[in-house]
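Below is one structure, written out as structure tokens, with a few remarks after it.
Only this structure's heavy atoms are used, side chains among them; waters, hydrogens and symmetry mates stay out. For clarity, every value in this text was computed on a predicted model and none was experimentally measured.
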Amino acid sequence: MRRSAAAERSHTVSAPRTPSPTRRPAPAQPAPAQPAAARVALKDDPRPVGEVDGAWWPRSRVLVDELRELSAGVDDRLGPVTRVGYNLRIWPSVPRRTTTDGHLVRLGGFASTPPDVVDVFGAHGRLCLLVVPPESSDADARRCLDRASAAGNDDDVATLLAGAGGEPTDA
């Protein structure tokens, strides 16, 4: 069936939709929370000095929950984190691998790894970080982060933790 010439020439143009005055605009989506890298402090000197390359103050002992913040704190130095070595007795119930910010991270627990450190690997190397106990006070943790990341600091883990009001963890 053929349409008339007038019907072919006419067409409907819809006016752009405008929100109704009674309709509320959709709420803005909150931006994804960015991890605070201030809980990771690294020595500026890339040459190894002392037992640790800096310190990390996690919020809990659930390693997979803490990886995003740890990754954000070391990304500039290492690139994306690819592997983390930890002490089996200190970090309970850790899967062998997880994904953080779209990157696969392999997690390896070892009884031989010192209890108060984690080894963090990325495309550009490895860092050994002192783990400040999550339950540390803000003042104690900040002192420990500052001391462990001070240029030329070669204190051992026990000295760093004792100087910040903490005690080394017995594994």
Side-chain angles (χ1 to χ4, degrees), residues 30-46 48-122 124-171:
Q34 294 297 316
R39 293 179 75 101
V40 175
L42 303 175
K43 291 179 182 172
D44 288 332
D45 191 352
V49 176
E51 289 186 19
V52 296
D53 301 304
W56 171 45
W57 181 28
R59 296 176 194 281
S60 73
R61 289 282 183 190
V62 182
L63 188 56
V64 292
D65 290 350
E66 302 297 325
L67 281 177
R68 183 174 176 166
E69 190 168 328
L70 174 61
S71 296
V74 301
D75 190 66
D76 285 348
R77 179 85 54 91
L78 293 179
V81 171
T82 58
R83 189 165 44 123
V84 176
Y86 61 92
N87 181 282
L88 280 169
R89 290 182 213 105
I90 302 304
W91 299 93
S93 304
V94 178
R96 294 177 62 99
R97 61 183 61 139
T98 189
T99 302
T100 302
D101 291 332
H103 300 284
L104 176 67
V105 179
R106 296 182 191 279
L107 305 166
F110 305 95
S112 60
T113 299
D116 296 302
V117 300
V118 290
D119 292 310
V120 185
F121 298 83
H124 304 297
R126 168 191 169 266
L127 293 170
C128 179
L129 299 178
L130 172 73
V131 178
V132 179
E135 62 277 1
S136 298
S137 72
D138 189 62
D140 286 346
R142 297 286 167 209
R143 276 195 299 275
C144 195
L145 289 166
D146 290 345
R147 189 163 180 184
S149 63
N153 183 297
D154 62 355
D155 290 339
D156 62 19
V157 169
T159 303
L160 289 167
L161 287 173
E167 293 294 322
T169 306
D170 295 326

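- Taking the side chain as every heavy atom from C-beta outward, Asp101 and Arg68 approach each other to under 4.5 Å.
- Residues Val81 and Thr100 have side chains not in contact (no heavy-atom distance under 4.5 Å, counting atoms from C-beta outward).
- Side-chain atoms of Val40 and Leu145, non-hydrogen and from C-beta on, never get closer than 4.5 Å to each other.
- A heavy-atom distance below 4.5 Å is found between the side chains of Leu161 and Leu130.
- In this structure, Asp119 and Arg126 approach most closely via the heavy-atom pair OD1-NH2, 2.8 Å.
- Sorted by first then second residue, the ring-ring contact (aromatic ring centres under 6.0 Å, His included) pairs that include residues 51-85, not counting sequence neighbours, are Trp56-Trp91.
- Here Leu63 contributes atom CG and Ile90 contributes atom CD1; the two are 12.0 Å apart, rounded to the nearest 0.5 Å.
- Put simply, the side chain of Asp116 does not reach to within 4.5 Å of the side chain of Asn87, judged on heavy atoms.
- The side chain to side chain contact (heavy atoms under 4.5 Å, CB included) search around Asp65 returns Val62, not counting sequence neighbours.
- Scored by the side chain to side chain contact (heavy atoms under 4.5 Å, CB included) test, Ser149 finds Ala41 as partners (sequence neighbours excluded).
- Judged as a side chain to side chain contact (heavy atoms under 4.5 Å, CB included), and not counting sequence neighbours, the contacts of Leu78 are Val74, Val120, Leu127.
- The pair Arg142-Asp138 meets the salt-bridge criterion, with a side-chain N (NZ, NE, NH1 or NH2) lying under 4.0 Å from an Asp/Glu carboxylate O.
- Considering Asp156, Leu160, Leu129, Val131 as possible partners of Val52, the one that fulfils the side-chain contact (heavy atoms from CB on, under 4.5 Å) test is Leu160.
- The heavy-atom pair separating Val117 from Cys128 by the smallest distance is CB-SG, 4.0 Å.
- In this structure, Leu88 and Phe110 have side chains that are not in contact, with every pair of non-hydrogen atoms separated by 4.5 Å or more.
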Exercise for the section: Kindly determine whether Val132 and Asp140 satisfy side-chain contact (heavy atoms from CB on, under 4.5 Å), including the steps that lead there. Expected result: CA-CA 9 Å; Val132 179; Asp140 286 346; over 6 Å; no
Exercise for the section: Dump the intermediate steps for side-chain contact (heavy atoms from CB on, under 4.5 Å) on Tyr86 and Thr113, then the final yes or no. Expected result: CA-CA 6 Å; Tyr86 61 92; Thr113 299; 5.6 Å; no
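- Summarising the geometry of Ala148 relative to Ala55, their closest heavy-atom pair is CB-CB, 3.6 Å, with the distance given to 0.1 Å.
- Annotation: side-chain hydrogen bond (donor to acceptor under 3.5 Å, both in side chains) contacts of Ser93 (sequence neighbours excluded): none.
- With values rounded to the nearest 0.5 angstrom, His124 atom NE2 is found 10.5 Å from Thr82 atom OG1.
- Look at Arg61 and Glu66 and you find no salt bridge, because none of the NZ, NE, NH1 or NH2 atoms lies under 4.0 Å from a carboxylate O.
- Taking 4.5 Å as the limit, every side-chain heavy atom of Leu70 sits out of range of all side-chain heavy atoms of Pro58.
- For Arg147 against Asn153, the heavy-atom pair with the smallest separation is O-ND2, 3.0 Å.
- The side-chain heavy atoms of Glu69 and Arg39, taken from C-beta on, include a pair separated by under 4.5 Å.
- Under the rule for a side chain to side chain contact (heavy atoms under 4.5 Å, CB included), the partners of Leu104 that lie at least two apart in sequence or sit in another chain are Arg97, Arg106.
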